[in-house]
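Everything on this sheet refers to the single structure shown next.
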There are 2 protein chains.
Amino acid sequence: MAQLGGPDAVVLREATRRAGVSPNAAYRHFADRGALLRAVSDIAQGRAADAMEVEVACVSGASGTGDAATDARAMLRAVGTGYLAFARDEPGLFRTAFSVPDQLANSFDAAKAGAAGRTPFQILSAALDAWAAAGILPPERRANAELYAWSAVHGLGMLVIDGPLRGLSAQMIDGATARVLDMVERGL
Amino acid sequence: MAQLGGPDAVVLREATRRAGVSPNAAYRHFADRGALLRAVSDIAQGRAADAMEVEVACVSGASGTGDAATDARAMLRAVGTGYLAFARDEPGLFRTAFSVPDQLANSFDAAKAGAAGRTPFQILSAALDAWAAAGILPPERRANAELYAWSAVHGLGMLVIDGPLRGLSAQMIDGATARVLDMVERGL
DNA sequence: AAGATAATGTGTACAATGTCAACAATCGCA
DNA sequence: TGCGATTGTTGACATTGTACACATTATCTT
């Protein structure tokens with residue numbers, strides 16, 4: 001349901017119907033619809049992590065150029081590319097993953113991890129650590145850098161999927177993705 | 001209703017109740033709930049424009065430093081600051097304004113304009129024109145620059161009010177706002 | 001093995017919502 | 001004056017979240 005219609009489509013009664021039980025059975029497992037939605041959101045974040053790991057693996061698999069700075073940049077681009085690929089391929093899951101209120105502190109929760117064991121936030125963090133290690137991110141700018149990079153790609157994703165940029169052509173989105181990543185790379 | 005609870009809180013029956021008419025009277029004015037929501041969204045965008053104009057007026061009113069580049073930068077920061085101030089002060093309206101699917105082409109629609117007659121998109125566009133005029137935005141990067149700057153601030157806004165960054169302290173948000181604007185300024 | 005205790009599921013019920021169809025009043029204009 | 005368009009009303013239906021009371025099944029202890 002989340003996949004097809006996003007958070008609003010996660011409807012408790014329909015879930016029980018598909019499970020072949022009565023509506024109220026759900027209340028033995030979730031306090032209310034919100035709790036169910038949060039659980040689905042966690043799983044959706046895991047899927048996002050998977051999509052990101054795919055792109056990351058692409059550049060890591062190439063075993064690097066030998067230059068730590070170049071590799072780190074490629075890695076961060078892969079993280080952003082994966083995030084936005086997920087937004088485009090699975091808009092329902094994307095919104096379910098990242099449009100359900102939560103606390104930053106929970107971003108490390110294992111329930112939100114993908115198959116590789118990392119949450120989306122952790123994947124992003126690792127890429128930024130590589131930047132810092134390669135010396136292309138001054139130490140005084142490392143703090144909370146996740147939030148800034150995340151904001152840029154998240155904003156593009158939301159505008160395109162669920163906002164005033166809906167219906168942008170695929171090429172436009174491709175271009176915008178590349179340009180937003182350029183901006184992050186230069187501006188971080 | 002949008003102010004208090006965002007798009008989901010815009011409920012047709014309650015609207016008619018407050019108008020003192022029967023539920024179905026709404027169908028003489030709006031095709032369905034979606035149409036009502038779109039109309040509310042337009043108005044909310046006008047409010048966003050107002051919030052942005054306030055910040056813009058602050059820096060314009062200072063009649064500038066004389067340096068076009070410095071002024072242009074201050075203007076763009078004001079646009080971003082206003083956008084995020086609106087997100088924080090009126091999260092319900094913000095989400096109603098920018099989380100309702102629409103087409104980029106409609107971003108100039110007069111129905112979305114604030115009291116000063118400009119839509120949020122037009123305000124942003126003007127600030128970027130000033131950048132180009134001041135020579136701090138190379139011509140080849142001017143195209144669609146709105147989308148990239150917009151993505152960054154929009155992402156932060158959404159993450160903070162409706163996503164995994166909910167409950168960030170006010171200082172953290174202040175800091176993140178400044179840093180995201182720094183990033184845009186450097187990276188655009 | 002037997003019984004207590006927790007877990008899970010069922011039925012009925014209620015208030016709310018979006019929306020459809022048919023009907024009524026009102027207003028503007030020829 | 002009368003007619004068409006605009007606006008509103010009544011009644012109805014399917015769907016949803018959720019509360020309460022009750023039944024069943026697992027599980028664990030004695």
Below 3.5 Å is the cut-off: list the nitrogen or oxygen pairs between protein and nucleotides 14-18 of chain C, distance only.
| from | atom 1 | to | atom 2 | distance (Å) |
| --- | --- | --- | --- | --- |
| C:dT17 | OP2 | B:R17 | NH2 | 2.5 |
| C:dG18 | OP1 | B:L12 | N | 3.0 |
| C:dG18 | OP2 | B:L12 | N | 3.3 |
| C:dG18 | OP2 | B:R13 | N | 3.0 |
| C:dG18 | N7 | B:R13 | NH1 | 2.6 |
| C:dG18 | O6 | B:R13 | NH1 | 2.9 |

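- Heavy-atom nearest nucleotides on DNA chain D were determined for A:P23 and for B:H29, and the one closer to the 5' end corresponds to B:H29.
- The CG atom of A:L36 sits 12 Å away from the C1' atom of D:dG17 (whole-angstrom rounding).
- Between A:D89 and A:R47 no salt bridge is recorded (no basic side-chain N to carboxylate O distance below 4.0 Å).
- No chain of hydrophobic side-chain contacts below 4.5 Å, direct or via other Ile, Leu, Val, Met, Phe, Trp or Tyr residues, connects A:M158 to A:V100.
- Following rounding to the nearest Å, A:R28 (CZ) and D:dC22 (P) show an atom-to-atom distance of 13 Å.
- Residues B:I161 and A:L156 are members of one and the same hydrophobic cluster, defined by side-chain heavy-atom contacts under 4.5 angstrom among Ile, Leu, Val, Met, Phe, Trp and Tyr.
- Note: CZ (A:F30) to P (C:dT8) measures 11 Å, nearest angstrom.
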Problem set entry | B:R88/B:D174 under salt bridge (charged side-chain N to carboxylate O under 4.0 Å, His left out): CA gap, chis, key distance, verdict | CA-CA 10 Å; B:R88 295 168 66 179; B:D174 286 338; 2.8 Å; yes
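- Relative ring orientation between A:Y83 and A:F98 is described as tilted, the plane-to-plane angle lying within the 30° to 60° band.
- A:N24 places its CG atom 9 Å from the C1' atom of C:dT12, with the value rounded to the nearest Å.
- Protein atom CG of A:D8 is 13 Å distant from nucleotide atom C1' of D:dT16, rounded to whole Å.
- A side-chain donor-acceptor contact under 3.5 Å links A:S151 to the backbone of A:L147.
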